[in-house]
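Worksheet for the structure shown next.
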Amino acid sequence: MAEKETFYITTPIYYPSGKLHIGNSYTTIACDAVARYKRLMGFDVFYLTGVDEHGQKIEKKAEELGVEPQEYVDRMAADVKKLWKTLDISYDKFIRTTDDYHKAAVRKIFQQLLDQDDIYLGQYEGWYSVSDEEFFTETQLAEVYRDEDGKVIGGKAPSGHEVELVKEESYFFRMGKYADRLLEYYNEHPEFIQPEARKNEMIKNFIEPGLEDLAVSRTTFKWGVPIDANPEHVVYVWIDALSNYITALGYGSEDDSLFQKFWPADVHMVGKEIVRFHTIYWPIMLMALDLPLPKKIFGHGWLMMKDGKMSKSKGNVVYPEILVDRYGLDALRYYLLRAVPFGSDGIFTPEDFVSRVNYDLANDLGNLLNRTIAMVNKYCDGIVPNYASKVTPFDSELSTTAANVVGRYHEAMDKMEFSTALSEVWTLISRANKYIDETEPWVLARDEERKAELDSVMVHLAESLRIVAILLQPMMTEAPAKIFSQLGLDSTAMELKDLHFGEFPSETKVVAKGTPIFPRLETETEVAYIQKKMSEGTQTNDDSVKWNPEETELVSVKDKEIKYEDFDKVELKVAEVIDCQKVKGADKLLQFRLAAGDSQDRQILSGIAEFYSDPSALIGMKVVIVANLKPRKMRGQISQGMILSAEDASGKLQIVEAPKGMPNGSIIA
């Protein structure tokens, strides 16, 4: 017996800094549909997904929660696995970048690249976004902050996240060394990057202007894979994360049999925001390792909301569990794959979701099944008649439609055009519904001489539903088996390969009474329900909502409330920064000289150096200090108070400024 043809597909590994929403689920369900389709077509499939667990953002998130990073990522990985189980994701392996085998392989990969001089040690200075785990040049920033002298002091990445200036020793990958070879590969393999527009974007925006060497290590945090040759450095995100596609198969281990069997990957499925890393950095790394490149990288669009990307602050995040719990898994899987043209951005609205469930699933598919089961029971004593072709004037058109749908469906699935594939299935569903109106079985039933026509109508309808159920298997994991069950068929015999119309098993008995597989929804009620779930946990400025402050749940990071008398003991003052510099031998401490209305200037030490790379830029700033804090020694220096600062959820810190017009020493009441 010949070995099956292999097929290897991957999702990106998700960064577990927060709860995954339907945008993340979209990618994973799309990959799942491909994996299921290929299995049904006889391929030996390996489907990989997982989580990217290293980096500064994870380290800071764990610190905020008061737990060790490993404890935090263990919990988040368990949540992701639970979600994938809820969504019935048929992955073959779930990789975590904290897995020992992965870390060992990453160290070997890094050392090999270092030994062959593809990586070298240098100094890095540039703008870094913790949230994006990415460095940017000044020209790449979407917004730039400048001081009064026009000097750049910060800005925002294209994602909208704040950046900070980073100066540190770093290892660099010689990207430019492989630029010509990469372009040549693009030209020789036009199918490598899909959709085509993504490739043009990579060439014009990143390769033609000249590839800069890529920083591939960090020293400012420890939560990562240490470099054997220099343990003060940890491997930076892209070598660590991208390598998962080969380490999951055993590359770099004693048993690389899966790697030998499945590599190169047939498809890396990624969101468009990380296409650059997968189509430039990853191929170059593989070239340097002398490994084959993946066959295709598909950069899909985003699932958007009407007011832009999903954001907790906007109150527009939709979590998949909410929709699955109320409407069933297949409603969500169908909606994501049908409503969003794959490769383009799609828009989610509660109205569109409910409409799709009602019209496509409940009306078109659900009613076709319900009517067919009812009529087979009424006109044929529950037994589907034997198949015969061309009995009524409309039989040929229905069977021809089915054959054409099957052919176009396979073409769409091979291109990962799920919306098109589902549209084809609904072409057959619509044609079958029209076939009922054309043949009028209720009229045929009145004339005994037309029994052959009536029988043909019944088997043609049942056969259409059999075809539909089989075609839906990759996208919908529950409804196809329910359709087969109501038709009286064995759901283990749903063969997609070599599917033809006219093969409905003879003498099959349908269920005595059909059950709606997609109950119709009350539109206003369900839209309101989804909107409520989207906005839960976010504040509203809607004046129509009655505000009762006594019902507000107050949030505090401190363990206990304090009385007003306790707070009244704290003396807050306005102070002006006269001088500011780093404390020698202390990476985190800044030494402030402050005019605060005292007999002389006072000194305060503050552990905020990592957020202010140029301390001199703070000179002249009016700040708020705790003036009556008992002085203490730090690194042999006296600290006479505390400078107030604010810190957001991502760990970014900023000094609280006092009004510029207030005299030094002014009391803040």
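- Of all heavy-atom pairs spanning Met476 and Leu361, the tightest one is CE-CD2, 4.0 Å.
- Phe501 does not carry Arg466 over the face of its six-membered ring by the limits of under 6.0 Å from the centre and within 45° of the normal.
- Looking at Arg356 and Asp364, no side-chain N of the basic residue comes within less than 4.0 Å of a carboxylate O on the acidic one, giving no salt bridge.
- Aromatic rings from Tyr335 and Phe353 are positioned such that their centres are separated by under 6.0 Å.
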Checking His268 against Tyr245 for the ring pair (Phe, Tyr, Trp, His ring centres under 6.0 Å) test, could you report, in this order, the C-alpha distance in whole Å, the side-chain angles of both residues, the deciding distance, and whether it holds?
CA-CA 9 Å; His268 287 326; Tyr245 301 127; 4.1 Å; yes

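- Note: Phe46 and Phe7 fail the aromatic proximity criterion, with ring centroids not under 6.0 Å apart.
- Closest heavy-atom contact between Ser25 and Leu83: OG-CD2, 4.2 Å.
- Atoms CG and OG1, on Asn358 and Thr523 in that order, are 5.0 Å from each other to the nearest 0.5 Å.
- Geometric assessment of Lys81 against the ring of Tyr14 yields a negative cation-pi assignment under the 6.0 Å and 45° thresholds.
- Here Asp330 does not pair with Lys482 in a salt bridge; the nearest charged N to carboxylate O distance is not below 4.0 Å.
- For the pair Lys19 and Tyr319, the cation-pi criterion (under 6.0 Å, within 45° of the ring axis) is fulfilled.
- Under 4.0 Å is where a charged nitrogen must lie from a carboxylate oxygen, and between Asp352 and Arg338 no such pair does.
- Scanning all heavy atoms of the two residues, the minimum distance from Asn187 to Pro190 falls at O-CD, 3.9 Å.
- Look at Lys390 and Glu397 and you find no salt bridge, because none of the NZ, NE, NH1 or NH2 atoms lies under 4.0 Å from a carboxylate O.
- Proximity of the aromatic rings of His300 and Phe418 is defined here by a centroid distance below 6.0 angstrom, and this criterion is not met.
- Of all non-hydrogen atoms in Leu87 and Pro320, the two that sit nearest each other are CD2-CB, 4.1 Å.
- Contact check on Arg408 versus Glu411 returns no salt bridge, with no Lys/Arg side-chain nitrogen under 4.0 Å from an Asp/Glu carboxylate oxygen.
- Between Tyr359 and Trp426, the gap from one ring centroid to the other reaches at least 6.0 Å.
- Under a 4.0 Å N-O distance rule, the pair Arg96/Asp52 does not qualify as a salt bridge.
- Taking the six-membered ring where tryptophan is involved, the planes of Tyr185 and Phe192 are perpendicular, since the angle between them exceeds 60° and thus also 30°.
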